[in-house]
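Read through the structure below, which is laid out as structure tokens, and then see the notes.
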Amino acid sequence: METSDNTLLSFLNTAQQSAVTAAKGNLLVLAGAGSGKTRVIVHRIAWLITEQHVSPYSILAVTFTNKAAGEMRARLEELLGREAQSIWVGTFHGLSHKLLRLHWQEAGLPQNFQVIDGDDQLQMIKRIFKQLEVNEDRFEPKKIQSYINRKKDEGLRGIRAIDENPYEKVVQAIYQQYEKNCKENGLVDFAELLLRCYELLKNNSELLSHYQARFSHLLVDEFQDTNAIQYQWLSLLAGKSASVTAVGDDDQSIYGWRGAKIENIRRFEREFKETQMVRLEQNYRSTATILSAANALIENNGGRFGKNLWTEGEAGDPITVYAGFNEEDEALYVVREIREWLKSGKGADIGILYRSNAQSRVLEESFVRAGIPYSIYGGLRFFERAEIKDALAYVRLVVNTEDNTSFERILNVPPRGIGDRSLEKIREIVVSNQCSYWEAAKKAIETQVLSAKIESSLRSFVALISGLQTTTKTSLVDLIQAVIRDSGLLRFFKEQEGEKAQNRAENLEELMNAANDYEAEYSSEDELSPITAFLSYTSLEGGERVHASTENAVQLMTIHSAKGLEFPMVFICGLEDGLFPHHFSRESEQALEEERRLCYVGITRAKRKLYLTYAEKRRIFGRDEERQPSRFIEEVPEHLVNAIHRKVTVQAPTMMQKRVIDRSENETGLRLGQRVVHPKFGEGMLLDTEGSGERTRVHVRFDQYGNKWLALAYAKLEPV
DNA sequence: TCTATGGTGATTTTT
DNA sequence: TCACCATAGA
């Protein structure tokens with residue numbers, strides 16, 4: 001390799017360089033927001049290979065998301081070319097999956113085991129509820145699901161000491177049955193991938209020493225997000241001799257509620273011998289003002305490693321705090337500011353961030369009215385969509401008739417007249433014969449326990465699946481095509497009216513394309529059938545999140561999903577006590593600190609302009625409630641904030657309110673936020689005005705009739 | 001077996 | 001408020 005030390009390091013600052021070139025041994029990189037951490041990991045790998053002559057084959061790099069893994073891989077290929085290909089880069093789940101595929105026998109799995117996602121898991125638990133006749137009033141499937149996942153994330157198998165607590169007893173029984181079903185059906189859930197892989201290495205000294213000898217360098221991104229099992233996994237694989245580079249930011253840990261252990265950073269320092277620490281504090285993203293705000297806010301958290309972001313850049317504009325009189329006013333303000341920004345020719349690369357998804361609606365409505373293109377990030381991913389999962393369930397059942405979850409899912413999809421009653425009959429056979437649903441279905445036909453009509457439906461269903469099984473031998477694309485055609489799914493949606501159904505039909509066609517692309521790139525390195533490989537792929541990589549693909553659209557999303565992104569202009573909306581910090585986080589100091597970190601993440605997404613907004617009144621579950629500004633607003637130093645807005649909006653009517661008062665008080669005596677009554681529509685609240693003089697129109701939210709625009713001259717509005 | 005109604009409860013989300 | 005579900009009628 002001809003890359004010289006110089007070119008590799010020339011664009012890095014001193015701290016980055018010392019992280020990249022840290023000597024053999026363990027390294028903890030505390031990387032602040034926007035400090036170039038991915039860059040550091042990628043360059044460190046390149047440096048190890050080109051300067052230290054470490055074999056690419058001995059390097060393992062772990063990330064949390066497929067997206068991050070993909071980016072890392074791409075950047076490595078840019079730097080290293082073909083040599084990058086033998087580096088193992090992937091997510092914890094992806095790499096565990098790979099190891100389990102390679103060593104399925106030692107792991108005690110069938111060769112064609114399948115990966116199930118959270119939705120499949122929940123379905124299975126619901127089925128167990130029916131099987132074990134669990135009372136759904138006392139036990140919720142969702143709670144049980146998170147119980148199981150929590151246990152696995154902790155690295156614990158459920159079947160320990162039998163608890164005498166009757167509640168626990170039931171939960172344990174469900175857990176046991178769940179494990180049994182997974183085993184019988186050859187299914188592995190997400191948490192299981194990690195746990196099983198950990199156990200595989202733990203219980204197999206030969207395998208373990210092989211991989212320990214192979215991977216001399218392990219690198220982990222977003223270390224603050226690791227949970228217990230991921231830490232153990234890493235620690236086991238590292239053994240005594242590997243060098244581990246952990247990169248993370250304790251201030252950006254926002255997944256504690258999902259089992260991430262921020263303490264893992266301290267633990268790393270303690271348990272991984274002679275750890276060097278490097279802090280990346282120079283920020284290349286935000287203005288000094290924004291960084292000061294972020295620093296001041298996060299200062300209120302205890303037990304931090306401590307880190308102060310700084311920049312060589314300019315101070316930039318002050319942060320604007322806006323208090324709307326209600327959530328619609330807040331949204332209208334956002335729209336107005338965006339309009340101004342767009343008018344001055346700046347791009348629509350704008351992030352509207354909020355604590356919870358429910359907030360998106362009001363914002364969305366105001367963007368629609370203003371005609372500003374927007375896209376909402378969130379919702380289902382491609383492979384999570386119902387119609388796609390239906391089609392894939394056919395594939396799963398064809399490949400593995402033991403897959404009861406899939407059987408149940410598609411038995412009556414599209415509707416073929418086999419409803420709950422018939423399913424119940426089949427389930428009885430399952431219980432009495434201890435067999436799969438598939439076997440039970442065949443038995444039901446033989447023993448003629450069903451009505452003639454349903455029996456014939458069931459017969460053709462069995463014939464359909466059997467017929468598809470012969471297609472298995474050809475190819476993935478052929479099978480998917482046959483499934484979509486022969487199952488009647490595509491026809492079912494095509495025959496329906498409405499955009500929704502047409503969309504679903506299109507999605508099914510898109511699935512064929514996805515399979516086509518996958519098969520074209522597929523190389524059978526671990527003698528895995530392309531069909532099995534594709535099914536795992538669909539579970540492990542949910543595909544792109546759905547959002548309207550408008551060019552030049554402002555982006556609406558939760559702060560959680562904004563992590564890792566940046567925008568020149570950022571709005572953080574709904575900064576109110578009880579919403580952000582969320583009232584669920586009120587009890588514990590720990591939870592509050594995580595909320596504060598979340599706010600820190602939000603603030604540090606902004607490059608140039610930052611707005612913090614809230615509403616003094618908000619509709620919560622249909623009730624107008626008085627709101628207090630979030631403590632996080634108070635934690636931003638006064639001198640960084642646009643004081644004019646703050647004073648005006650907090651203590652006096654807003655500019656807009658003033659205008660309306662000036663203009664209309666003489667004529668109507670109305671002001672924004674005021675309660676009014678209309679002869680036909682009854683009572684409501686004045687939201688906005690438009691135009692002037694005779695053409696003045698007012699926007700009113702009526703209690704009974706919803707939002708309406710009315711011409712002020714004709715509408716006989718009276719103040720209440 | 002498919003469609004209407006009522007009770008319930010309501011963060012954040014990747015794999 | 002409203003979306004999700006479970007249960008009851010056509």
Side-chain angles (χ1 to χ4, degrees), chain A residues 62-69 90-97 115-122 126 129 136-137 140-142 146 149 152-153 188-195 197 222 225-227 229-230 253-260 327 353-362 377-381 383-384 411-424 451 453-454 457 536-543 545 557-564 574 578-586 591 594-595 597-599 601-602 618-625 701 703 706:
Chain A
V62 195
T63 63
F64 272 83
T65 64
N66 292 305
K67 195 173 157 217
T91 62
F92 278 103
H93 293 87
L95 295 168
S96 295
H97 175 247
V115 181
I116 56 169
D117 67 12
D119 187 52
D120 301 328
Q121 186 183 38
L122 188 61
K126 282 184 180 164
F129 268 56
E136 289 211 27
D137 294 336
E140 291 164 53
K142 278 217 175 93
S146 55
N149 289 333
K152 291 190 181 188
D153 285 343
V188 174
D189 63 50
F190 286 138
E192 183 74 18
L193 282 171
L194 288 162
L195 182 55
C197 183
E222 306 279 17
D225 288 337
T226 50
N227 63 25
I229 189 69
Q230 286 160 342
S253 163
I254 55 174
Y255 286 108
W257 51 276
R258 219 169 57 187
E327 73 275 16
L353 313 183
Y354 36 78
R355 177 65 238 266
S356 66
N357 285 310
Q359 290 169 255
S360 68
R361 195 141 103 190
V362 182
Y377 185 93
L380 290 182
R381 294 149 167 271
F383 292 119
E384 287 168 354
L411 180 63
N412 200 30
V413 176
R416 45 174 73 86
I418 311 173
D420 279 346
R421 275 306 277 287
S422 317
L423 183 62
E424 202 53 55
S451 72
K453 202 169 131 205
I454 291 170
S457 291
S536 305
Y537 164 79
T538 60
S539 298
L540 284 166
E541 308 212 13
R545 278 206 178 267
M557 65 183 85
T558 63
I559 304 173
H560 280 92
S561 26
K563 191 175 170 203
L579 187 55
F580 193 18
H582 201 277
H583 65 268
F584 283 177
S585 311
R586 214 171 356 213
E594 181 152 313
E595 295 280 309
R597 291 193 292 271
L598 188 61
C599 189
V601 167
R618 184 179 293 272
R619 237 167 202 229
I620 308 255
F621 307 145
R623 257 172 221 291
D624 276 330
E625 284 182 22
R701 181 171 74 205
D703 300 343

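The shown structure was predicted, so the numbers you read here are calculated from the model rather than taken from an experiment. In what follows, every heavy atom counts, from backbone to side chain, and hydrogens, waters and symmetry copies are set aside. Order of the sequence lines sets the chain letters (A, B, ...), proteins ahead of strands, with each chain counted from 1.
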Next item on the list: Rounded to the nearest angstrom, tell me the gap between atom CG in A:L540 and atom C1' in B:dT14.
Entry: 11 Å
Notebook entry, point to check: Contact class for A:N357 (heavy atom, under 4.0 Å): base, sugar-phosphate, or nothing?
Noted result: sugar-phosphate
Notebook entry, point to check: From the list B:dT15, B:dT11, B:dC2, which nucleotide is the closest neighbour of the side chain of A:N412?
Noted result: B:dC2
Next item on the list: Counting heavy atoms from C-beta on, name the nucleotide in B:dT12, B:dT14, B:dC2 closest to the side chain of A:T558.
Entry: B:dT12
Check: Can we say A:K152 and A:E192 salt-bridge, meaning some charged N sits less than 4.0 Å from an Asp/Glu carboxylate O?
Finding: yes
Next item on the list: Would you indicate what A:R361 reaches in the nucleic acid, counting non-hydrogen atoms under 4.0 angstrom: base, sugar-phosphate, or nothing?
Entry: sugar-phosphate
Check: Which nucleotide, B:dT13, B:dT11, B:dT15, lies nearest any side-chain atom of A:H582?
Finding: B:dT11
Margin query: Strictly below 4.0 Å, N to O, side chains only: are A:K563 and A:E222 in salt-bridge contact?
Written below: yes
Notebook entry, point to check: A:Y537 has an atom OH; how far is it from atom P of B:dT14, in whole Å?
Noted result: 16 Å
Check: Do A:R421 and A:E424 meet the salt-bridge criterion of a basic N to acidic O distance under 4.0 Å?
Finding: no
Item checked: Nearest-Å distance for atom pair CZ/P, residues A:F92 and B:dT15 -> 13 Å
Checklist line | Carboxylate-amine/guanidinium contact A:R258 A:D225, below 4.0 Å | finding: no
Next item on the list: Can you tell me the distance, in whole Å, between the CG atom of A:L353 and the P atom of B:dT12?
Entry: 14 Å
Item checked: Charged N-O contact under 4.0 Å between A:R355 and A:E595 -> yes
Item checked: side chain to side chain donor-acceptor pair (under 3.5 Å) partners of A:N149, counting only residues at least two apart -> A:Q121
Margin query: For a quick check of understanding: with a heavy-atom distance under 4.0 Å over all strands, which category does A:D420 fall into, base, sugar-phosphate or nothing?
Written below: sugar-phosphate
Next item on the list: Using a 4.0 Å heavy-atom cut-off across all strands, classify A:F584 as base, sugar-phosphate, or nothing.
Entry: base
Notebook entry, point to check: Looking for any heavy atom pair under 4.0 Å, which part of the strands does A:D117 touch: base, sugar-phosphate only, or nothing?
Noted result: nothing
Notebook entry, point to check: Hey, does A:I454 reach any base, or is it just sugar-phosphate, or nothing, if we go heavy atoms under 4.0 Å?
Noted result: sugar-phosphate
Note to self: Does the structure show A:W257 stacking with B:dT12, if we require the centres to be closer than 5.5 Å and the planes to be within less than 30 degrees of parallel?
What the structure shows: yes
Note to self: Taking the side chain as everything from C-beta on, heavy atoms only, tell me whether A:P141 gets closer than 4.5 Å to A:F129.
What the structure shows: yes
Checklist line | Closest-nucleotide ordering on DNA chain B, the 5'-leading residue of A:Y255 and A:L423 | finding: A:L423
Margin query: By the 4.0 Å heavy-atom rule, please label A:Q359 as base, sugar-phosphate, or nothing.
Written below: nothing
Item checked: Interface limits on DNA chain C, where chain A has a heavy atom under 4.0 Å of a nucleotide atom -> C:dT1 to C:dA3
Notebook entry, point to check: Rounded to whole angstrom units, what separation is found between the CG atom of A:L380 and the P atom of B:dT14?
Noted result: 11 Å
Checklist line | Phosphate OP1/OP2 of B:dT15: any A:N227 side-chain N/O under 4.0 Å | finding: no
Check: Hey, does A:L598 reach any base, or is it just sugar-phosphate, or nothing, if we go heavy atoms under 4.0 Å?
Finding: nothing
Next item on the list: Could you check which of B:dT12, B:dA10, B:dT15 has an atom nearest any side-chain atom of A:F621?
Entry: B:dA10
Check: A:R355 side chain: which of B:dT11, B:dT15, B:dT14 is closest?
Finding: B:dT11
Next item on the list: Describe, in one word, how the ring planes of A:Y255 and A:H560 are oriented to each other, choosing from parallel (under 30°), tilted (30 to 60°) and perpendicular (over 60°).
Entry: tilted
Notebook entry, point to check: Rounding to the closest angstrom, what is the interatomic distance between C:dA6 and B:dT11 at atom C1'?
Noted result: 24 Å
Item checked: Distance test, side-chain N/O of A:S561 to OP1/OP2 of B:dT13, below 4.0 Å -> yes
Next item on the list: Check A:I559 against A:L353 and note the closest heavy-atom contact, atom names and distance.
Entry: CG1-CB, 3.9 Å
Checklist line | C:dC5 versus B:dT12 - spacing of their P atoms, nearest Å | finding: 15 Å
Note to self: For a quick test of reading the model, state the closest non-hydrogen atom pair linking A:F190 to A:S539 and the distance between them.
What the structure shows: CZ-O, 3.3 Å
Next item on the list: Give the rounded distance in Å between these two atoms: CZ of A:F580 and C1' of B:dT12.
Entry: 10 Å
Next item on the list: Determine the minimum heavy-atom distance between A:T558 and A:S356, stating which atoms define it.
Entry: CG2-C, 4.4 Å
Next item on the list: Calculate the interatomic distance between A:I620 atom CD1 and B:dT11 atom P; express it in whole Å.
Entry: 11 Å
Check: Given pairs defined as Watson-Crick or G-U wobble with both distances under 3.5 Å, what dot-bracket annotation applies to DNA chain B, with ( ) intrastrand, [ ] crossing, | other strand and . unpaired?
Finding: ||||||||||.....
Next item on the list: Check A:S96 against A:L194 and note the closest heavy-atom contact, atom names and distance.
Entry: OG-CD2, 3.4 Å
Next item on the list: Would you kindly give the CD-to-C1' distance between A:E595 and B:dT12, to the nearest whole Å?
Entry: 8 Å
Note to self: By the 4.0 Å heavy-atom rule, please label A:R623 as base, sugar-phosphate, or nothing.
What the structure shows: nothing
Checklist line | Residue whose closest nucleotide on DNA chain B lies nearer the 5' end, A:E594 versus A:S539 | finding: A:E594
